[in-house]
Every structure is written in C-alpha cells, then in structure tokens.
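What follows is a set of notes on a single structure, which appears directly below.
No hydrogens, no waters, no symmetry mates; every other heavy atom, side chains included, goes into these values. It should be emphasised that the depicted structure is a prediction, and the values quoted were computed from it without experimental measurement. This chain uses plain numbering: 1 for the first residue, then up along the sequence.
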Amino acid sequence: QVQLVESGGGLVQPGGSLRLSCAASGSIVSIGTMAWYRQAPGKQRELVAAITSGGSTNYADSVKGRFTISRDNAKNTVYLQMNSLKPDDTAVYYCNCDAQRRGNWRYTNYWGQGTQVAVSS
C-alpha cells in the first residue's frame, strides 16, 4: 500500500504564505504525476497544480503566479508553495499521486487525507 502524509496547512492572513508538503511512503517503485487539489465548502474538488515525473507543471488560472509546485524525487515528496494568499484560497487541500507499487506494472492513483488551509484576517 501507498500512504500520503501531508503537512503545512493552517490559518494564515491574506497576503501571507504557506508551504504544503506531501510525502509518499510504502512499497513504491516509482511515482508519476503528483498534484494538489482543493475543495472549498459547497464546491467541487478542483486541480490546483500538478507536476509530472519529468518536471512539467500545470496550474489553475486562479493560482498562477502565486503558487509553485515542486517535487523531491529522492524523498518521494511534493510541495506546494503558496504566496500572496487570498480568502478565496480557503479550502481543504488534498495531495494526489500516481504510484507504481512493487509487483505491479500499473500506476495506481492515491489521495492524501486532506489538510485545511484557511486564509482570513
């Protein structure tokens, strides 16, 4: 099994910054795309940012220029640096990745437990 452990969420004032981390562990052979999603109350879960194993990135228009996704393959960890935070960024943020487990040819998609980010003064 693969587990995703998140950290870095919390309460921050508008204009502030947070860095989310998500570490994958378990019988992992390799990790493909890693991503961050978020879900605000009454809203559908949406993709915030994604990064492929080759380093290509994709961002939601609402966070471009403010958020940066990165990964450390040696640590099986993905990060989301969030700057210039706005109240609209308030949501539960979920880590997501495609991971190949030992003994399996396929990549399987995994989700973290979610971490709350609240942007409020």
Checking the side chain of [X] only, and the main-chain atoms of [Y] only, is there a donor and an acceptor separated by less than 3.5 Å?
{"X": "R101", "Y": "T108", "value": "no"}
{"X": "Y110", "Y": "A24", "value": "no"}
{"X": "T77", "Y": "K75", "value": "yes"}
{"X": "E6", "Y": "G114", "value": "yes"}
{"X": "T90", "Y": "V119", "value": "yes"}

Heavy-atom pair of closest approach, residues [X] and [Y]:
{"X": "S84", "Y": "S17", "result": "N-OG, 4.3 Å"}
{"X": "P14", "Y": "S120", "result": "CD-C, 3.6 Å"}
{"X": "G9", "Y": "T115", "result": "CA-OG1, 3.5 Å"}
{"X": "R38", "Y": "A91", "result": "CB-CB, 3.8 Å"}
{"X": "K43", "Y": "Q39", "result": "O-NE2, 3.1 Å"}

Inset, instruction - Give a yes/no verdict on a cation-pi contact between R45 and Y94, requiring under 6.0 Å between NZ or CZ and the six-membered ring centre and an angle within 45° of the axis. - result: yes

Hydrogens and angles aside, do [X] and [Y] bring a side-chain donor and acceptor to less than 3.5 Å of each other?
{"X": "T33", "Y": "D98", "result": "no"}
{"X": "R71", "Y": "N73", "result": "yes"}
{"X": "S30", "Y": "Q100", "result": "yes"}

Legend entry - Cys pair C22, C95: SG separation below 2.5 Å: yes

Legend entry - Side-chain heavy atoms of V117 within contact of L20, under 4.5 Å: yes

Legend entry - Worked check of salt bridge (charged side-chain N to carboxylate O under 4.0 Å, His left out) between D61 and K64: CA-CA 5 Å; D61 289 340; K64 285 182 178 178; 3.2 Å; yes

Inset, instruction - For a side chain to side chain contact (heavy atoms under 4.5 Å, CB included) with M34, tell me which candidate from I69, N96, I51, L4 qualifies. - result: I51

Tell me whether [X] shares a hydrophobic cluster with [Y], the cluster being built from Ile, Leu, Val, Met, Phe, Trp, Tyr side chains joined at under 4.5 Å.
{"X": "L80", "Y": "Y37", "value": "no"}
{"X": "I28", "Y": "Y79", "value": "no"}
{"X": "Y107", "Y": "I31", "value": "no"}
{"X": "V92", "Y": "M82", "value": "no"}

Inset, instruction - Please round to the nearest 0.5 Å and tell me the distance separating atom CZ of R102 and atom CG of N104. - result: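 It is 11.5 Å, given to the nearest 0.5 Å.
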
Inset, instruction - Could you tell me the separation between the OG atom of S62 and the CG atom of D88, rounded to the nearest 0.5 Å? - result: 8.5 Å

Inset, instruction - Let me see the working for F67 and W36 under ring-ring contact (aromatic ring centres under 6.0 Å, His included), right down to the final yes or no. - result: CA-CA 11 Å; F67 291 10; W36 290 96; over 10 Å; no

